[in-house]
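In what follows, every chain begins at residue 1, and chains take the letters A, B, ... in the order their sequences are listed. What's counted below: heavy atoms across the whole structure, side chains too, no hydrogens, waters or symmetry copies.
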Protein chains: 2
Amino acid sequence: MRIGEAAAAAGTSTKTLRFYEDRGLLPPAERTGNGYREYGNDAITRLEFIRRGRAAGLTLAQIGEILTLRDRGSAPCTHVRDLLAGQLADLDAQIAELAALRDAVAGFHHTASAGDPADCDPNRICSYL
Amino acid sequence: MRIGEAAAAAGTSTKTLRFYEDRGLLPPAERTGNGYREYGNDAITRLEFIRRGRAAGLTLAQIGEILTLRDRGSAPCTHVRDLLAGQLADLDAQIAELAALRDAVAGFHHTASAGDPADCDPNRICSYL
DNA sequence: CTTGACCTTCCCCTATGCTGGAATGTCAAG
DNA sequence: CTTGACATTCCAGCATAGGGGAAGGTCAAG
């Protein structure tokens, strides 16, 4: 199938397919006589995998690693497990950071809600921040 | 004081000061005869405010709004309170999203940790994702 | 007189994952 | 024969908050 059909089948755009090929996530597509890219079902499988990886918050670079391992014939499962572990740790760190920020902002907001704007110190930009 | 001293006093870089001026967060600096920027203590106050705002996760655009209100003579406290409320809501949404992602990734990771790589289905890129 | 530490403007680069558009080619249908 | 829907390549941009470095001006000290 041609690029438009493949993109539609994978629920993405032709731009994205060319972009992935350029980034090495998809192998260079076969070309028909007129230079059009030609895709098979394996490309769709690959695109779906990429989408699942994205949904799990993996970067294209990480997904590319997995695909490269797969393409070299080795089972990437162990690597995937490690990536997932790292992703889990990253997410926990991000969540902790955001939660701390949230608490700080909540404190500011509480003060701001309780205060009277008339009390605002003209020497500060804003007393609440 | 000149830009280098001001930057050091505010704990930032000269690049950042010029950048903020360009973005309207700092008023165009006075210039001495040789064209050098000249700063007073109010600039430091402003820079410190910007830093507090950044630490609260506000964007430069939002901080700019506050400063503009302040420069027009009105007390920006009410606006600050609203910005903080919005920021709080944003943070809660982000945290919820990350937490959901974290759970999904944890599920994948659990499966990956339990499985045997030998079971990997050759027809899939990786059975664990 | 020169060196070194400042300062100026200017433009490009970073990371991420695409998206838009221009200029051009291909091909089946009416 | 032309129109329209495809396809190709390549270049540019988004949004964020600056950083890097070039080419050059200024000024005090040695």
**OP:** Test I44(A) against Y39(A) for side chain to side chain contact (heavy atoms under 4.5 Å, CB included), laying out the working first.
**Re:** CA-CA 8 Å; I44(A) 307 299; Y39(A) 293 94; 5.7 Å; no
**OP:** Return the value, rounded to whole Å, for the distance between atom CD of Q94(A) and atom P of dT16(C).
**Re:** 13 Å
Original post:
What residues in residues 10-25 of chain A put a non-hydrogen atom under 4.0 Å from any atom of DNA chain D?
Top reply: K15(A), R18(A)
**OP:** Go along nucleotides 1-6 of chain D 5' to 3' and tag each nucleotide: B for a protein heavy atom under 4.0 Å from its base, S when only backbone or sugar atoms are that close, - otherwise.
**Re:** -----B
Original post:
Between I50(A) (CD1) and dT16(C) (P), how many Å, whole number?
Top reply: 16 Å
Original post:
Is any side-chain nitrogen or oxygen of R37(B) closer than 4.0 Å to OP1 or OP2 of dC7(C)?
Top reply: no
Original post:
Are OP1 or OP2 of dC18(C) and a side-chain N or O of R54(A) less than 4.0 angstrom apart?
Top reply: yes
Original post:
Atom CZ of R31(A) to atom C1' of dG25(C): distance rounded to whole Å?
Top reply: 13 Å
Original post:
Quick one: R51(A) CZ to dG17(C) P, roughly how many Å, whole number?
Top reply: 16 Å
Subject >> Step-by-step side chain to side chain contact (heavy atoms under 4.5 Å, CB included) determination, C126(B) to R70(A) >> reply: CA-CA 8 Å; C126(B) 176; R70(A) 194 22 138 188; over 6 Å; no
Original post:
Quick one: is dC7(C) close enough that its OP1 or OP2 comes under 4.0 Å of any side-chain N or O from N34(B)?
Top reply: no
Subject >> Minimum heavy-atom distance between E21(B) and P27(B), given as atom pair plus value >> reply: CG-O, 4.1 Å
Subject >> Flag, side chain of R124(A) to backbone of L129(A), donor-acceptor distance under 3.5 Å >> reply: yes
**OP:** Show your working on side chain to side chain contact (heavy atoms under 4.5 Å, CB included) between L60(B) and F19(B) and close with a plain yes or no.
**Re:** CA-CA 11 Å; L60(B) 292 185; F19(B) 176 67; 3.6 Å; yes
Original post:
Which ones in residues 59-69 of chain A lie close to DNA chain D, meaning a heavy atom under 4.0 Å from one of its atoms?
Top reply: none
Subject >> Co-membership, hydrophobic cluster, residues L84(B) and L69(B), 4.5 Å side-chain >> reply: no
**OP:** Please say whether more than 12 non-hydrogen atoms of neighbouring residues, nucleotides or ligands are located less than 6.0 Å from CG in D103(B).
**Re:** yes
Original post:
Is D71(A) salt-bridged to R46(A), cutoff N-O under 4.0 Å?
Top reply: yes
Subject >> Residues R81(A), C77(A); criterion side chain to side chain contact (heavy atoms under 4.5 Å, CB included); working and verdict >> reply: CA-CA 6 Å; R81(A) 189 193 59 205; C77(A) 302; over 6 Å; no
Subject >> Smallest separation among heavy atoms of I63(B) and I50(B), with atom names >> reply: CD1-O, 3.6 Å
Original post:
Would you say E38(B) has more than 12 foreign heavy atoms packed within less than 6.0 Å of its CD?
Top reply: yes
